[in-house]
Undergrad: 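This is the structure I have questions about; it appears just below.
For the single chain, residues carry numbers from 1 onward in sequence order.
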Amino acid sequence: MKKIEAIIKPFKLSEVKDRLIEIGVQGMTVTEVKGFGRQKGHTELYRGTEYNIDFLPKIKLEIVVIEEQVEKVIEAISGIAHTGQIGDGKIFVTPVDETIRVRTKERGKDAV
């Protein structure tokens with residue numbers, strides 16, 4: 001099993017979620033986060049005063065899938081979230097040693 005964490009632009013969430021459901025993802029955790037990468041934020045003008053916005057709003061998706069689904073999930077997220085502009089996001093894939101469904105005590109693939 002693998003955990004896929006994706007940081008994407010907020011306005012892409014609905015499209016990404018719909019595509020992930022289409023390819024068989026059964027669950028995900030979504031968190032509103034703030035951060036910056038290479039773009040290092042930006043400057044905004046508000047009532048004549050310039051403000052440096054260091055942390056930009058982003059969405060973090062956390063998805064645990066079986067090994068066979070990893071590439072399909074990566075392709076779905078990167079395909080939908082891509083705008084070609086700076087700040088499109090990142091995808092991280094890490095191994096998951098164990099998964100336990102609390103309600104039924106199922107383990108491994110059955111718990112995903």
Undergrad: Between atom CD1 of I63 and atom NZ of K17, what is the distance when rounded to the nearest 0.5 Å?
TA: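 Spacing of CD1 (I63) from NZ (K17) equals 12.5 Å.
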
Undergrad: Return the set of residues passing side-chain hydrogen bond (donor to acceptor under 3.5 Å, both in side chains) with E106 (not counting sequence neighbours), or none when no residue passes.
TA: R101, T104

Undergrad: Among V93, T94, I66, V73, which residue satisfies the side chain to side chain contact (heavy atoms under 4.5 Å, CB included) criterion with K2?
TA: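 When V93, T94, I66, V73 are each tested with K2, the side chain to side chain contact (heavy atoms under 4.5 Å, CB included) holds only for V93.
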
Undergrad: Please check if I7 and L56 belong to a single hydrophobic cluster, counting links between Ile, Leu, Val, Met, Phe, Trp and Tyr side chain heavy atoms closer than 4.5 Å.
TA: no

Undergrad: Might you confirm whether atom CD of E22 has over 12 heavy atoms from other residues, nucleotides or ligands at distances under 6.0 Å?
TA: yes

Undergrad: Does K12 reach the main-chain N or O of I59 with its side chain, forming a donor-acceptor pair under 3.5 Å?
TA: no

Undergrad: Are I91 and M1 linked, directly or through intermediate hydrophobic residues, by side-chain heavy-atom contacts shorter than 4.5 Å (ILVMFWY only)?
TA: no

Undergrad: Could you tell me whether the side chain of D88 and the main chain of T83 form a donor-acceptor pair under 3.5 Å?
TA: yes

Undergrad: I'd like to check K34 versus K58 (side-chain heavy atoms, cut-off strictly below 4.5 Å). Are they in contact?
TA: no

Undergrad: To the nearest 0.5 angstrom, please state how far the CD1 atom of I4 sits from the CE atom of M28.
TA: 10.5 Å

Undergrad: Do V30 and I23 sit in one hydrophobic cluster, given that two such residues count as connected whenever their side-chain heavy atoms are within less than 4.5 Å of each other, even indirectly?
TA: yes

Undergrad: In sequence, state the C-alpha distance, the side-chain angles, and the governing distance for V96 and V112, and then conclude on side-chain contact (heavy atoms from CB on, under 4.5 Å).
TA: CA-CA 11 Å; V96 173; V112 175; over 6 Å; no

Undergrad: Which atom pair, heavy atoms only, marks the closest approach of V65 to Q69?
TA: CB-OE1, 3.5 Å

Undergrad: So which atom in V16 and which in A81 form the shortest heavy-atom distance, rounded to 0.1 Å?
TA: CG2-N, 4.3 Å

Undergrad: Less than 4.5 Å apart, side chain to side chain, heavy atoms only: is that true for L61 and L13?
TA: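 Yes, side chains in contact.
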
Undergrad: More than 12 heavy atoms of other residues, nucleotides or ligands under 6.0 Å from CD of E62: yes or no?
TA: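 Yes, enclosed.
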
Undergrad: State yes or no: do V25 and V64 share one hydrophobic cluster built from I, L, V, M, F, W and Y residues joined by side-chain heavy-atom distances below 4.5 Å, directly or via other members?
TA: no

Undergrad: Looking at G108, is its backbone amide N or carbonyl O close enough to the side chain of E98 to form a donor-acceptor pair, meaning the two atoms are under 3.5 Å apart?
TA: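 Indeed, once roles are kept as given, a pair shorter than 3.5 Å links the two residues.
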
